[in-house]
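Chain identifiers are assigned alphabetically (A, B, ...) following the order of the sequence lines, protein sequences preceding nucleic acid strands; residue numbering begins at 1 within each chain.
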Protein chains: 4
Amino acid sequence: MAEALALNGVFIPMTTPFDTEDRLSLAELRNNLGRYNTKRLAGYVATGSTGEAILLSMAETEELWEAVIEATATDKILVAGTAAESTTETIARTRRAAQLGYQVALVRTPHYYRPLMTPAALEVFYHRVADASPIPILIYSIPHYTGINVEVPLVARLAEHPNIIGIKDSSGSVKQLAALVRVAPKGFHVLTGSATTFLPALMMGVSGGIMALANLLPDECVELYEAAVAKRYDRARELQDRIVPASDLLVSRHGVPGMKYALDRLGYFGGPVREPLRPVDDAARREIDEVLAALGSAATR
Amino acid sequence: MAEALALNGVFIPMTTPFDTEDRLSLAELRNNLGRYNTKRLAGYVATGSTGEAILLSMAETEELWEAVIEATATDKILVAGTAAESTTETIARTRRAAQLGYQVALVRTPHYYRPLMTPAALEVFYHRVADASPIPILIYSIPHYTGINVEVPLVARLAEHPNIIGIKDSSGSVKQLAALVRVAPKGFHVLTGSATTFLPALMMGVSGGIMALANLLPDECVELYEAAVAKRYDRARELQDRIVPASDLLVSRHGVPGMKYALDRLGYFGGPVREPLRPVDDAARREIDEVLAALGSAATR
Amino acid sequence: MAEALALNGVFIPMTTPFDTEDRLSLAELRNNLGRYNTKRLAGYVATGSTGEAILLSMAETEELWEAVIEATATDKILVAGTAAESTTETIARTRRAAQLGYQVALVRTPHYYRPLMTPAALEVFYHRVADASPIPILIYSIPHYTGINVEVPLVARLAEHPNIIGIKDSSGSVKQLAALVRVAPKGFHVLTGSATTFLPALMMGVSGGIMALANLLPDECVELYEAAVAKRYDRARELQDRIVPASDLLVSRHGVPGMKYALDRLGYFGGPVREPLRPVDDAARREIDEVLAALGSAATR
Amino acid sequence: MAEALALNGVFIPMTTPFDTEDRLSLAELRNNLGRYNTKRLAGYVATGSTGEAILLSMAETEELWEAVIEATATDKILVAGTAAESTTETIARTRRAAQLGYQVALVRTPHYYRPLMTPAALEVFYHRVADASPIPILIYSIPHYTGINVEVPLVARLAEHPNIIGIKDSSGSVKQLAALVRVAPKGFHVLTGSATTFLPALMMGVSGGIMALANLLPDECVELYEAAVAKRYDRARELQDRIVPASDLLVSRHGVPGMKYALDRLGYFGGPVREPLRPVDDAARREIDEVLAALGSAATR
């Protein structure tokens with residue numbers, strides 16, 4: 001890298017629009033991106049967990065990657081989720097994303113053979129991918145999906161690799177995020193995946209967030225980030241308290257189906273989820289409607 | 001189904017041989033199968049967890065499926081692991097396996113979006129697959145890899161579907177296996193995935209086992225099964241106690257890498273694992289050598 | 001010990017009767033014991049988990065211990081639960097129980113400072129108690145209450161102490177019980193605390209059970225034990241299947257309150273629980289009534 | 001209460017000194033208190049988890065309570081840990097503490113019959129104790145010892161009781177602490193038990209901390225609190241980062257034995273722990289010495 005990439009601020013891990021026939025709906029993707037492009041977001045992640053990446057074929061993945069590239073404003077950083085269980089396949093996907101113009105690869109821990117995915121095995125995995133990747137990589141730790149938490153000492157060792165530039169930690173644990181910040185060398189970015197604790201995480205030194213909630217409330221997330229950076233903590237805490245109910249309900253509880261339903265309600269395109277995910281049921285819709293109503297006009301501006 | 005398939009006895013969830021270049025090694029597969037064909041095994045599972053299925057491309061999967069079909073003795077039942085995270089992809093794989101001649105599909109729970117994989121969501125998933133599959137399906141519950149345990153009441157409901165003929169439960173819990181047997185209607189097979197508790201599971205009514213250890217100790221596993229069925233429980237318990245150290249060490253502790261190393265030691269082909277799996281280290285090799293030595297001549301016959 | 005004590009068969013971990021003023025009700029205790037004395041039970045445990053021991057004062061504990069001694073038939077083995085968090089207090093209670101005539105002390109793992117209760121710390125604890133105790137002791141592992149599972153290698157080491165004569169393992173795991181049997185030296189008793197898997201545990205070599213369910217269904221538990229010992233496994237399995245619904249519902253799900261309600265229904269004295277335990281609610285009562293009705297006349301004989 | 005008690009700032013959950021004969025050492029207690037009295041601490045907790053309360057007899061507990069009362073400066077708030085498993089016993093202890101002059105009772109969740117300690121059962125328990133207590137009570141949630149986390153909705157309900165004035169939450173989860181603050185009515189205090197995340201917790205609105213680390217580093221804890229309240233966040237974060245290694249090592253990893261060893265090293269009295277707790281071993285001592293050395297002169301002032 002000639003110059004280090006700064007991963008500061010709010011990134012949207014984008015949802016992947018499907019039509020009613022379960023096909024990619026790139027027109028809707030472009031519409032959503034058109035709206036996001038006007039905001040002070042740092043960038044986008046294509047094919048992350050929120051993007052139902054694990055439910056896409058490789059052909060769909062490439063089609064989506066290309067569409068996102070084309071529709072993204074030039075000031076945004078583009079990140080591709082490139083993980084597969086196999087190391088070789090992960091490298092192949094990472095190279096393809098780099099070739100298409102993605103600037104960073106977000107690489108989730110392999111996890112199927114969980115008892116064998118020791119820190120030592122993960123260290124080899126990330127070194128292999130980082131060595132082979134033309135673009136810098138971010139470690140991706142999301143224990144409530146994978147059952148694997150990337151521990152602080154392993155991150156400290158991985159951070160020494162010149163092509164590993166940070167971690168997205170979705171544990172939601174402020175304790176762990178702060179510990180990661182303490183071991184991070186200069187230029188290594190700690191990003192949180194959890195909007196529920198965005199403010200305390202920022203205060204303890206994370207450089208930004210890749211947060212599903214930013215699909216829905218990009219302005220609030222950006223303003224919270226900016227207020228925290230400017231040390232306007234009272235305002236930051238107001239915003240934090242404001243977004244927590246939506247974060248808890250839509251992200252932690254109802255996941256992608258809740259997010260997509262809420263996007264539809266707020267004028268973005270959410271659309272159907274892909275099976276085995278199931279649409280939210282009537283009770284969940286009512287809860288979500290209430291939370292969105294409480295967010296009020298500010299949320300829909 | 002004209003006639004119900006009887007899933008009784010010992011099935012081998014086969015390892016997948018790779019050469020030193022990480023390519024499928026079908027010649028070695030045929031050699032292994034040639035030896036297994038002469039034994040009183042009930043059948044084989046291709047592309048299960050022990051087969052590193054999740055690390056194979058679809059092209060490799062099909063190539064392997066074809067090779068297994070060709071090399072299998074006619075008296076063996078052939079099962080294909082066909083699960084993917086996406087329901088549509090799982091159905092596509094199941095149909096392809098059926099087309100090639102597999103008699104049963106083993107369908108692991110989708111699990112990435114774990115908090116959303118409720119019993120209700122899993123019920124829809126299995127109904128979709130069972131409805132679309134030309135061949136009967138087995139539910140596959142392997143909580144230490146997926147984080148999802150298929151609970152007894154869900155199995156009781158799924159067992160009513162005419163195309164769902166059983167479950168492979170790899171929890172190792174005799175309590176749960178016995179509970180599954182109690183709710184299973186006639187013709188619904190409960191198979192254990194754990195050799196460590198094979199005898200007590202058989203005693204409580206499971207119809208057989210799909211056990212990684214059978215790759216290594218097929219004769220012991222078959223003899224244990226036959227002794228239990230014949231109510232020669234003293235002999236069965238001798239065999240059970242005999243195989244436990246290998247089951248604990250090779251399957252529970254060292255997983256596929258331990259199994260492949262031990263296969264090489266016993267004259268089968270084990271060969272390398274695919275990354276991110278890592279070969280067992282020297283300390284593990286010594287432990288495995290000791291356990292194999294203790295098994296003695298009977299194990300190498 | 002001049003002669004080794006044989007801990008074979010079925011032991012009742014007795015409930016502790018309270019009157020409506022929350023005082024010990026020793027008359028009711030004697031009535032229950034009078035009925036149990038006529039059965040082929042191996043013995044009783046006073047002040048175990050089922051006896052709400054942790055809710056009794058030391059004065060009540062001693063009063064209860066004396067009453068049990070007086071009311072017990074001479075052919076029964078008497079065990080006292082003597083654990084406290086403090087080692088010194090545990091020793092004091094053990095000595096007191098011995099002085100009163102108890103033959104064995106059942107010593108639960110200390111557990112409040114759970115992260116510090118390592119195998120090494122537990123080893124010192126059990127050695128201290130065993131060294132100081134005038135009577136032999138049983139290790140008591142009940143992880144769903146204490147959060148601590150006494151692991152097999154620790155038991156193997158503790159079994160070498162001449163005054164530690166066995167373990168009550170309430171994990172319910174047949175795999176672990178069988179592993180304990182495999183490491184147990186001659187004269188070391190492995191007893192299960194779980195009626196749900198009594199038969200498979202017996203088959204794998206446990207010498208008996210200390211099972212809450214035996215308060216309620218002593219005859220079935222004894223007959224199951226005797227059938228298993230006599231290798232009449234078909235009859236044993238019938239009995240096992242018969243008692244599982246009651247074991248699951250009354251012991252695992254509703255605990256002491258469920259057990260006491262059911263005792264009242266079957267003509268024993270159950271009576272109130274001590275707070276913070278709460279009586280079972282109406283829905284639970286209906287479920288319990290149904291399970292008892294299904295057990296039918298045999299259960300109430 | 002004529003006037004509401006303000007539980008703001010730093011409270012020390014005091015260690016309990018024993019001599020080499022395992023007897024209470026009240027002289028040493030007075031010495032420690034004499035030093036603490038000169039600091040800007042809000043108050044003390046006698047007989048909490050750090051005080052090895054669960055290892056004390058009732059006679060020792062009362063003796064200790066009296067000694068603490070006598071040796072405490074008049075500006076400090078005095079809290080007594082009064083929990084026992086039995087509701088009745090908890091009430092008796094709470095009344096005794098009140099009689100002796102304690103201003104608040106800290107009441108840990110009962111937890112032995114964990115599967116039965118549902119939110120509904122805990123609600124009854126806390127109402128019983130609060131109704132009967134002459135002094136206000138604090139809920140005490142310490143899941144890594146008890147296995148029970150007091151959930152936010154239950155706290156919201158309990159906070160309506162006029163005699164329940166707050167919660168000590170030792171989960172260490174900033175997410176949960178912030179959620180508690182959001183549901184807390186005016187006058188209900190949320191206190192953290194974890195020094196590792198004290199700053200982010202304060203930032204999200206907790207009113208103070210009852211933190212084992214304050215035994216060792218009272219000045220740093222107080223200064224951190226005061227800096228946060230004064231919105232001098234840069235200084236607060238310096239202090240937070242400074243105390244984390246000691247908090248992680250001494251509290252989370254080595255518990256009371258680590259704390260007592262470190263107290264001895266810093267010129268307070270730590271002394272022996274009571275069994276089954278074990279003194280820290282040589283390796284732990286070296287680690288602790290290093291962490292204390294790194295804290296340097298400031299820590300020993």
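- Comparing B:Lys231, B:Arg182, B:Lys175 by how many heavy-atom pairs each has under 4.5 Å with chain C, the most go to B:Arg182.
- For the side chain to side chain contact (heavy atoms under 4.5 Å, CB included) test, residues two or more places apart in sequence or in another chain that qualify with B:Val181 are B:Val190, B:Val206, C:Arg237.
- Listed in order of number, the residues of residues 243-251 of chain B that approach chain C to under 4.5 Å between heavy atoms are B:Val244, B:Asp248.
- The side-chain heavy atoms of C:Gln240 and B:Met204, taken from C-beta on, include a pair separated by under 4.5 Å.
- Among the candidates B:Gly205, B:Ala178, B:Ala201, B:Ser194, the residue making the largest number of heavy-atom pairs closer than 4.5 Å to chain C is B:Gly205.
- Looking at C:Ser171, there are no atoms closer than 4.5 Å to chain B (heavy atoms on both sides), in backbone or side chain.
- Atom CZ of B:Arg157 is surrounded by more than 12 heavy atoms from other residues, nucleotides or ligands within 6.0 Å.
- By the 4.5 Å heavy-atom criterion applied to side chains, B:Met203 and C:Tyr233 are counted as neighbours.
- With a 4.5 angstrom heavy-atom cutoff, C:Ser173 does not touch chain B via any of its atoms.
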